[in-house]
4 protein chains.
Amino acid sequence: MARGDRREELLDAAEGVIEEEGVAGLTIDRVAARAGVAKGTVYLYFASKEQLVGALKGRCLEQMTGMVVAALADLESGDWWGTADAVVEAVVDFDLSHRWVIAVMATESGDEESKAVYGEATQQMIGLLEAALRQGAVEGVFEVDDPETTARLLYFALEGTLHHTILYEPEVDRERLVTAAQTLIHRALGDA
Amino acid sequence: MARGDRREELLDAAEGVIEEEGVAGLTIDRVAARAGVAKGTVYLYFASKEQLVGALKGRCLEQMTGMVVAALADLESGDWWGTADAVVEAVVDFDLSHRWVIAVMATESGDEESKAVYGEATQQMIGLLEAALRQGAVEGVFEVDDPETTARLLYFALEGTLHHTILYEPEVDRERLVTAAQTLIHRALGDA
Amino acid sequence: MARGDRREELLDAAEGVIEEEGVAGLTIDRVAARAGVAKGTVYLYFASKEQLVGALKGRCLEQMTGMVVAALADLESGDWWGTADAVVEAVVDFDLSHRWVIAVMATESGDEESKAVYGEATQQMIGLLEAALRQGAVEGVFEVDDPETTARLLYFALEGTLHHTILYEPEVDRERLVTAAQTLIHRALGDA
Amino acid sequence: MARGDRREELLDAAEGVIEEEGVAGLTIDRVAARAGVAKGTVYLYFASKEQLVGALKGRCLEQMTGMVVAALADLESGDWWGTADAVVEAVVDFDLSHRWVIAVMATESGDEESKAVYGEATQQMIGLLEAALRQGAVEGVFEVDDPETTARLLYFALEGTLHHTILYEPEVDRERLVTAAQTLIHRALGDA
DNA sequence: TATGAATGAGTCTTCATTCAT
DNA sequence: TATGAATGAAGACTCATTCAT
């Protein structure tokens, strides 16, 4: 088995454990058991539990970024608002389908390195949105004074709302979430 | 010493521990030591660590609500936008000055009761914002179709941004945060 | 309230606690709560938990002895076997109606003094049986070589069976227990 | 070291602890120390203290059963009373040499499973005695109406006496105990 | 006598991490 | 690479006992 595969398997196992046992139930023991390997083996791929969690966060953000990149490809069609709405939908669905990992994202991870990794990944995500905003402005769809800050704001608005909802409101109403988020963006950017 | 005082002292001690040791470093042992009481004494006021954490969340949210209520009092002056900006500033400052407790807010707390308490307190906070939005609409300052959803959205946008920034960007730029948040609201509500 | 009354109340409370929480659930806290007094008050009547338990055992044995004394009074009627059967029945019923205290009797109570008290009370009980055996022998109902040992043996046979049954066989069949115990005595003494 | 060996070692250590510190002094800490392993190691073999205690009871009863089986083998010699006396002697000696474990047997062990195990093991022991009684009856040594009940009664008579004596009369007189128990059986079964 | 807040030693239990094989 | 038994520090929680009021 390729080294990378085993690593991915372990991360998959970790997600599975969180799904079944909650964030507090994430132990190396369970990850190993779920992946069908010995406990020691986990340490062959991750130096510590903290690094495993960091990797989990990183991978999650990467996947999300990938989805957004894909969704933003439609921007070429010229339908900015339609594309934006689709991106929102994609993000909501991603979070909902990764709801258990989402809980980890909100977790402290003392490890400075992990924090940095997470910070950079977030920044990349925001950069994507910023670019989209600039393009919308260039195309005359709307006006933005400070695309960077606006992108940050919108990203965290969306994620903040999603995180809270996922963590504290068990029965999430997807449609309502999507509509609300889309509305926020339309309003914030001044869609007439 | 009045019974309530000792309880408050313990919560203060818990906040202090989090400030110095991080959320993961919050142990009953340390809370007791910091409060200058025996370990057993903590259990005289909180049935479990989970309940202590829940109480911490509750108190924090209560204080925040209090601040917002105070800030919203200016609404009577008739200057809606000015009041809104002040509220934003108050919230930002509250979060920044309670930054260590903020980290706990994002924490899972298996305890169902605590979750419910937190959920209700959040709802109350949002209710406050909703009322303010309605008043602005009544006064003709702007138009809102769905004050409830908008209030939720704006609240989580603000808090989401603040939480992430506080947790992952050690060197927070208060001015920038305030301005960005104020801008978000103005835009979202369509301030010309 | 007379000193003795309060003491009895505390012992009653202790029995009640055992009934509801099991021997392991017997704590000074609960005894005090059940008796409606403060924890400190318990220590005004018992120097330690161990002494309270010792007193509980002692009182239980005393009550049992009282019952047996009463039952043995019928010996004067001249019906030795009938009286013996009645005594057995009385003991079985006493144990069954005090089943929760019975569990404590089987408990170690490091306190040497308590052990001694228990030992003496037991001895007194056995003395009662021994006297009954002697009387039966005198009356020519049966023959016994060693009344003292026989009394001990029969007492522990009865109590041993009862204790085990009560502790490990939740659904006790009173009739079967009574019959079996009576049979044992008749056989052991050679009733034709 | 084989897995089973370590388990046995831990049980041995537990017995040793009880011997030196009493039942109340049985702690995982001490068991580990006595076995020369880390505390965590104990939990590799027993899920909880309760299970360890249950295992202790189970093993003790198993050993006892083994001894009785061995002693009953002499039944083939045709000397029923002699064999019975030998069995009594074996049981007395077993209890005396395991006197500290005996104290645990009388202990509550909230664990339902442990109780069941203990109950079954006891039943097996009684079954052994019952078979012996039937054989004696078949051989015409004596008559028994209800071998099952009689076996139960005799078993608990023996064990009840032994438990009490061991727990409350530090200076046990082996000979006297043996003789008394043997006498009980002879009488109960009607040895002329 | 009575109170009940405070104590703190003592227990069980978990789990990240190591290391000999 | 892989294993999994062993480790032991750490933490939550209990409860008999004390003592100032």
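The analysis underlying the following values was restricted to heavy atoms, covering all of them including side chains, and did not include hydrogens, waters or symmetry mates.
The gap from the P atom of E/dT1 to that of F/dT21 amounts to 22 Å, rounded to the nearest Å.
Ranking E/dC15, F/dT7, E/dT1 by closeness to the D/Val37 side chain, first place goes to F/dT7. Here the nucleotide nearest the side chain of B/Tyr43, chosen from F/dT14, E/dA5, F/dA16, is F/dT14. Listed nucleotides E/dA6, E/dT11, E/dT17 differ in distance to B/Arg6; the shortest reach to its side chain belongs to E/dA6. Nearest nucleotide to the side chain of D/Ala38, out of E/dA6, F/dT7, E/dC12: F/dT7. For B/Leu44, the side-chain atoms get nearest to E/dA6 when compared with the rest of E/dA6, F/dT1, F/dT7. The side chain of C/Thr41 has E/dT3 as its nearest neighbour among F/dA2, E/dT3, E/dA9. The side chain of C/Ile28 sits closest to F/dA16 out of E/dC12, E/dT3, F/dA16.
Judged by distance alone, with hydrogens and angles left aside, D/Lys39 brings a side-chain donor or acceptor within reach of the base of E/dT13, the pair sitting under 3.5 Å.
The separation between B/Asp29 atom CG and E/dA9 atom P is 11 Å, rounded to whole Å. Following rounding to the nearest Å, C/Tyr45 (OH) and F/dA16 (P) show an atom-to-atom distance of 20 Å. One atom, CD of D/Glu9, and another, C1' of F/dA6, lie 13 Å apart when rounded to the nearest Å. Rounded to a whole Å, the CD atom of C/Glu50 is 16 Å from the P atom of F/dC15.
Listed by chain and residue number, nothing satisfies the salt bridge (Lys or Arg N to Asp or Glu O under 4.0 Å) test with A/Lys49 (two or more places apart in sequence, or in another chain).
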From CA spacing to verdict: side-chain contact (heavy atoms from CB on, under 4.5 Å), D/Lys39, D/Arg30: CA-CA 9 Å; D/Lys39 208 185 320 188; D/Arg30 287 205 254 253; over 6 Å; no
